[in-house]
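Positions are given from 1 along the sequence. All values below were derived from every heavy atom in this structure, side-chain atoms included, with hydrogens, water molecules and symmetry-related copies excluded.
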Amino acid sequence: MSPALDIALNGGLVVDGTGAPARPLHVGVRDGRIAALATEPLAARREIDATGQVVTPGFIDLHSHADYSLEPTPGADTQLTQGVTTLVTGNCGHSPFPVDAGGMLPRSGALDGSALSWTWKDADGFRAAMTAVDPGVNLAFQLGHNAVRLAVLGMEDRAPDEDELRRMCALVEDAARQGVVGFSTGLIYTPGLFAATDEVRALVRTAAAHGLLYSTHMRNESSHVIDAVREAIGTAEAAGARLEISHLKAMGPENHGAVTEALALLDAARERGVDVTADVYPYTASSTGLISRLPAWAVDGGVDATLGRLADPAARERIAGELRARFGRDIDPEGVVIAALPEGRYSASVGRSIAEIGRAEGTDPAEAALRVLESHRCSVAIVNHAMSEDDVTAVLRHPWVSVASDGWVMTDERTGRPHPRSFGTFSRVLGRYVRERGVLTLEDAVRKMTSLPAARIGLTDRGVLREGAAADIAVFDPAAVTDRSTYDEPWQLSTGFSTVLVNGVPGLLGGELTRTPGAGRVLRRGA
């Protein structure tokens, strides 16, 4: 008689995702589910020796931009090699339905760095498209506010009238019925940055009425970060929503330390009964589009309108002046580094800061930034070195903060110099912040990557190793797990993981990628 189990992971130390102490257990998998947690070794058709290794739930990346990067590389090598089995997309207000909201979101290092432009009518259409590419990891979608605003108001800097707001709310309701797990805003990106608080509250209230998480890239992460935290919490409190503050940080030399007050506001809100949490990536640099550093009036109307203003001497000087005013306070021009852009005048400047470019051209960093934007139709990705290590550590330690990458599924093109977070976020936490620095215990770090993010989006059968749960499982050597990707040499996969199962299917086996198509599923809220 053949063994009743498909896979047995024997001899490992189980960290189950709840925060409970690690314990030696043997894990059995059958039909894509965890069938047994036993104190004695298990027999199975495939037996894997996990001796000396840690066995955990597969990691859930609560903040991913895989919706704009999974299609060319559905195997998700950069995620599987750091133990990630589920990606939550539609973040920062960007989603490819019902109208493409990725046009202002340069793909950091993916292909030629140019912005994508693709649209799916609704969540069901996008779900069908993502299922068809046979993803190697699970996906859960959010609806982006930028996409909703584009569908109704285009790129206009104005408030919606009553009918337009009803139409926007109806789009949120439609997406909720189609199983999205959240609604997100990106209040520094066009056209979301044109939205007043009342508009956001109305949409979040609709999302909350349908059980969706509200995720926000806040309106400010530098000099006015505390005001932005208050706005985010106030929106959630007024709307009765569950709130996720995306990649909590304080950017700019004069703002370091502000995360202490931000976390205190989070704690105070939770004491009042507001369901608010946050997430963080373990790096002192962010990554986004260079255009996001321009003032709101300069980007009103979209790329062509922005380029028109740059062609007008008076408008150009006003934009440059407002950019200069932020230097030192919010932005260090030495730390604003070109990560990716399309072929053109500044193709050789990838890896150089706007300050370096300015010196080479005999101008200042503000004018250098405008030249780069102008030459590449504003499709310029940057890595922005602007946070402090103490702040990153403080946020990471907080009990209600998840680990999330804000990253991409990276292709094999190896172009540009993308942020290393796409390759190493979860491995870096385990290696640097658990093993080397002792900032977190292993159990708490795993909780922040599994059960905590699962709970935020309502996943009840993932994020914890227990019988009956989906067999999303990661196995790694705690003494060897390492993020190898760096700012100078980002194109390096993490090491230290030996086995990763996605719905019971090996995506990584013996430390090698299996590239098994279709192991992942597109997850629906409530399903």
Side-chain angles (χ1 to χ4, degrees), residues 63 91-93 104-105 108 185-190 192-195 197 200 215-235 244-266 278-299 318-339 353-355 364-366 368-370 373 380-396 398 401 404 406 419 421:
H63 192 108
N91 282 290
C92 296
M104 301 295 284
L105 188 68
S108 177
T185 55
L187 299 176
I188 71 163
Y189 297 113
T190 52
L193 63 84
F194 303 137
T197 300
V200 177
S215 305
T216 182
H217 180 136
M218 297 184 298
R219 204 176 293 274
N220 188 279
E221 296 177 323
S222 51
S223 297
H224 300 287
V225 63
I226 299 305
D227 292 336
V229 171
R230 290 195 177 103
E231 179 190 18
I233 291 173
T235 295
E244 182 72 18
I245 297 177
S246 297
H247 41 59
L248 181 59
K249 63 176 82 73
M251 300 184 67
E254 293 188 8
N255 307 308
H256 293 167
V259 300
T260 301
E261 185 176 352
L263 292 169
L265 288 171
L266 185 153
D279 52 69
V280 67
Y281 47 79
Y283 298 90
T284 56
S286 65
S287 184
T288 188
L290 180 58
I291 194 172
S292 69
R293 298 306 180 245
L294 302 189
W297 67 268
V299 296
R318 181 183 169 194
I319 295 169
E322 293 190 29
L323 191 54
R324 290 183 191 108
R326 297 184 64 194
F327 290 165
R329 183 189 70 211
D330 298 338
I331 301 172
D332 175 5
E334 300 287 352
V336 180
V337 176
I338 306 302
S353 71
I354 58 171
D364 75 320
L370 300 189
L373 285 167
V380 180
I382 59 172
V383 169
N384 189 4
H385 298 267
M387 289 100 80
S388 79
E389 178 66 23
D390 286 347
D391 282 1
V392 172
T393 300
V395 178
L396 185 60
H398 193 278
V401 171
D406 197 9
H419 197 297
R421 65 194 182 189

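- Donor-acceptor pairing under 3.5 Å is lacking for the side chains of D391 and H256.
- Between L248 and D279, the closest side-chain pair of non-hydrogen atoms is not below 4.5 Å.
- What you find for N255 and S222 is that their closest heavy atoms are ND2-C, 3.4 Å.
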Yes or no on side chain to side chain contact (heavy atoms under 4.5 Å, CB included) for D332 and H385, after CA distance, side-chain angles and deciding distance?
CA-CA 8 Å; D332 175 5; H385 298 267; over 6 Å; no
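- Checked against V225 for a side-chain contact (heavy atoms from CB on, under 4.5 Å), the options E261, M218, R219, R230 give a single hit: M218.
- Pairing each heavy atom of A369 with each of L290, the nearest pair is O-CD2, 3.8 Å.
- Summarising the geometry of P282 relative to V392, their closest heavy-atom pair is CA-CG1, 3.9 Å, with the distance given to 0.1 Å.
- In this structure, CD1 on I188 lies 11.0 Å from CD1 on I291, to the nearest 0.5 angstrom.
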Carefully, step by step, assess V229 and I233 under the rule side chain to side chain contact (heavy atoms under 4.5 Å, CB included).
CA-CA 6 Å; V229 171; I233 291 173; 3.8 Å; yes
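- R293 has its side chain out of reach of V336: every pair of non-hydrogen atoms, C-beta onward, lies at least 4.5 Å apart.
- Of the inter-residue distances, the one linking S353 atom OG with N384 atom CG reads 11.0 Å to the nearest 0.5 angstrom.
- Between the side chains of T216 and T185, at least one donor-acceptor pair of N or O atoms lies under 3.5 Å.
- Between A320 and A366, the shortest heavy-atom contact is O-CB, 3.7 Å.
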Let's go through M387 and Y283 carefully: what are the C-alpha distance in whole Å and the side-chain angles of both, what is the deciding distance for side chain to side chain contact (heavy atoms under 4.5 Å, CB included) to 0.1 Å, and is it a yes or a no?
CA-CA 8 Å; M387 289 100 80; Y283 298 90; 5.8 Å; no
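- You'll find the side chain of E389 reaches within 4.5 Å of the side chain of T393, heavy atoms only.
- Contact detail for S223 and R329: the closest heavy-atom pair is OG-NE, 3.2 Å.
- Counting only heavy atoms from C-beta outward, the side chains of L294 and L370 approach each other to under 4.5 Å.
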Would L266 and H398 satisfy side chain to side chain contact (heavy atoms under 4.5 Å, CB included), going step by step from the backbone distance to the final call?
CA-CA 10 Å; L266 185 153; H398 193 278; 3.7 Å; yes
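- Counting only heavy atoms from C-beta outward, the side chains of I226 and L265 approach each other to under 4.5 Å.
- In this structure, CG in D406 is found 8.0 Å from NE2 in H217, a value given to the nearest 0.5 Å.
- One finds the CG atom of L187 at 10.0 Å from the CD atom of E221 (value rounded to the nearest 0.5 Å).
- Contact annotation: the side chain of S286 never approaches that of H247 to less than 4.5 Å [non-hydrogen atoms, C-beta and beyond].
- To the nearest 0.5 Å, atoms CE (M251) and CD1 (I331) are separated by 8.0 Å.
- Using a 4.0 Å cut-off between charged side-chain N and carboxylate O, R318 and E322 make a salt bridge.
- Note on E254 versus R326: no salt bridge recorded, every NZ/NE/NH1/NH2 to OD/OE distance being 4.0 Å or above.
- Listed here is the closest heavy atom pair of C92 and Y189: O-CD1, 3.8 Å.
- Under the 4.5 Å side-chain criterion, counting only non-hydrogen atoms from C-beta, S388 is not in contact with T284.
- Using modelled atom types, one side-chain atom of R421 and one backbone atom of S287 make a donor-acceptor pair closer than 3.5 Å.
- Residues D227 and N220 form no side-chain contact, since every pair of their non-hydrogen atoms from C-beta on lies 4.5 Å or further apart.
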